[in-house]
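What follows is a single structure, written as structure tokens, with notes after it.
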Amino acid sequence: MQADAMTLRRAWLPAFLGVAGFSLTLPATRMAVLYFDPWLVALGRGVLAAGLAAMALLVTRQPRPKRHQLGRLALVAVGVVIGFPVLSAWAMQQLPASHGSITLSLTPLATACFGTWLARERLPARFWIAALCGAGAVFGFALDAGGGKLRPGDLWLFAAALLAALGYAEGARLTRSLGGWQVISWALVLAAPWLLLPLCWLALHAELSAPPSAWGGFVYVAVVSQFLAFVFWYRGLALGGIARMGQLQLLQPFLTLGACAGWLGEPLTGSLFGVAAIVVTSLWVSQRAPARLVESRPDGHRGSAVRDVLDQEAVFKRHGQCRRGTHGNLKAASRNNHIPIRNDHEAL
């Protein structure tokens, strides 16, 4: 199915706000790891964000995720609550934030690949050509900035980009049934017990005296990067499509570099503007490429579309709203996945 123009316009704003929130993650992490252990920063941001998420879930009385959603939430947690924070914190001990932001620009391409695999999105060849051109431009910029070679920190960031892309794609799928802020909140809450004990041990053995800038960087990555930005990001991905909206992250390195120029006084070079022009062009092409969902699914995926529609219907019932045409959507999802349904919306 193809997203219409109005839906894409609605998706752009939350997706861009999410990218803007993420754009200061590496500079803030860099400021924090200059004084704190990277493990302390990586685990602490998750625990602090989990506390905020737990309060939001309790105040709004959100129901617990269903059993079939727990495994998918675990993937989100592994990708964006544990994997990316740990690897990016390690990398920021070795790389400047401006260099790291360019290295992470491969995330949109990885997100598109995971969106194709997990969400069954299919995009035409011109989308992939545009995405590869944009990713290739920023990869070349990273090589040029590193003197023609990649540093060990680049490898950590490549791994971080893959894990982040996995969390983005799976989180966007869950957003359609749970809601954007609920997805990241439950992922944080599920991961918190695994983070808390090692964090307490680190806090007892670490030096916590640091200037306000380091504490400010830590608070930013916990409150904005780990929680608030995801609320908007998952909403945009769910509305506009994982692969298509994921390409907006090609703008993130340039938002980061602009912030570094204004904040840290780092110069902007002519090559940066050239890469930016290529990225903007590739982004424009990718946004105009039609997308569709594959109707047939492998056996392992059968029933997931039906469950998502049922979960959406349950959300509307909880809020006392009537979703017109839900049963029709359920029938379509069941027909596309070759699964019969009863009239009472119970999948066989």
Side-chain angles (χ1 to χ4, degrees), residues 18-56 77 79-104 145 151-157 159-161 163-164 184-185 187-189 191-231 252-253 255-267:
V19 170
F22 293 144
S23 65
L24 293 181
T25 299
L26 291 186
T29 302
R30 175 73 173 172
M31 294 171 62
V33 298
L34 289 176
Y35 297 92
F36 298 130
D37 186 283
W39 279 100
L40 185 70
V41 175
L43 302 181
R45 64 183 268 182
V47 171
L48 178 56
L52 298 175
M55 288 190 291
V80 301
V81 179
I82 300 175
F84 179 85
V86 170
L87 294 175
S88 62
W90 285 352
M92 286 300 94
Q93 284 191 311
Q94 306 172 19
L95 299 175
S98 56
H99 181 98
S101 67
I102 299 298
T103 305
L104 280 181
R151 308 176 191 178
D154 288 313
L155 301 180
W156 293 123
L157 287 178
L163 288 173
I184 188 60
S185 295
L188 286 165
V189 169
W194 304 94
L195 306 178
L196 189 56
L197 288 179
L199 176 64
C200 292
W201 187 88
L202 287 170
L204 290 174
H205 296 83
E207 177 60 50
L208 298 181
S209 60
S213 60
W215 283 105
F218 173 75
V219 172
Y220 183 90
V221 295
V223 176
V224 179
S225 303
Q226 192 66 72
F227 185 54
L228 295 180
F230 274 102
V231 174
Q252 183 173 323
L255 295 175
T256 302
L257 291 172
C260 289
W263 190 5
L264 304 176
E266 296 183 1

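Shown here for A53 and L188, the closest heavy-atom pair between the two residues is CB-CD1, 4.1 Å. Listed here is the closest heavy atom pair of G217 and A32: C-CB, 4.4 Å. Closest approach of F36 and E207 over heavy atoms only: CD2-O, 3.9 Å. Shown here for V221 and A28, the closest heavy-atom pair between the two residues is CG1-CB, 3.7 Å. Closest of all the heavy-atom pairs between A222 and A49 is O-CB, 3.3 Å. Residues A91 and G153 approach most closely at CB-O, 3.5 Å, considering heavy atoms.
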Using the side-chain contact (heavy atoms from CB on, under 4.5 Å) rule, take L40 and L199 through it: C-alpha gap first, then chi angles, then the decisive distance, then the call.
-> CA-CA 6 Å; L40 185 70; L199 176 64; 3.5 Å; yes
Verdict with supporting geometry, L104 and T25, side-chain contact (heavy atoms from CB on, under 4.5 Å) | CA-CA 11 Å; L104 280 181; T25 299; over 6 Å; no
In sequence, state the C-alpha distance, the side-chain angles, and the governing distance for L255 and V19, and then conclude on side-chain contact (heavy atoms from CB on, under 4.5 Å).
-> CA-CA 9 Å; L255 295 175; V19 170; 4.0 Å; yes
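We find the CG-CD1 distance between L228 and I184 to be 10.5 Å, quoted to the nearest 0.5 Å. Between the OH atom of Y220 and the CE atom of M31 there is a distance of 11.5 Å, given to the nearest 0.5 Å. Note that the CG atom of L48 and the CZ atom of F218 stand 5.5 Å from one another [nearest 0.5 Å].
Atom CH2 of W90 sits in a crowded spot, with more than 12 heavy atoms from other residues, nucleotides or ligands closer than 6.0 Å.
A donor-acceptor pair is defined here as one N or O able to donate and one able to accept, closer than 3.5 Å; such a pair exists between the side chain of S88 and the backbone of P85. Of the possible donor and acceptor atoms, none in the side chain of S23 sits under 3.5 Å from a partner among the backbone N and O of T256.
The side-chain hydrogen bond (donor to acceptor under 3.5 Å, both in side chains) contacts involving residues 30-54 comprise R45-Q226, where partners must be two or more places apart or lie in separate chains.
Looking at V33, L87, L43 one by one, the single match for side-chain contact (heavy atoms from CB on, under 4.5 Å) with P38 turns out to be V33.
A heavy-atom distance below 4.5 Å is found between the side chains of L157 and M92.
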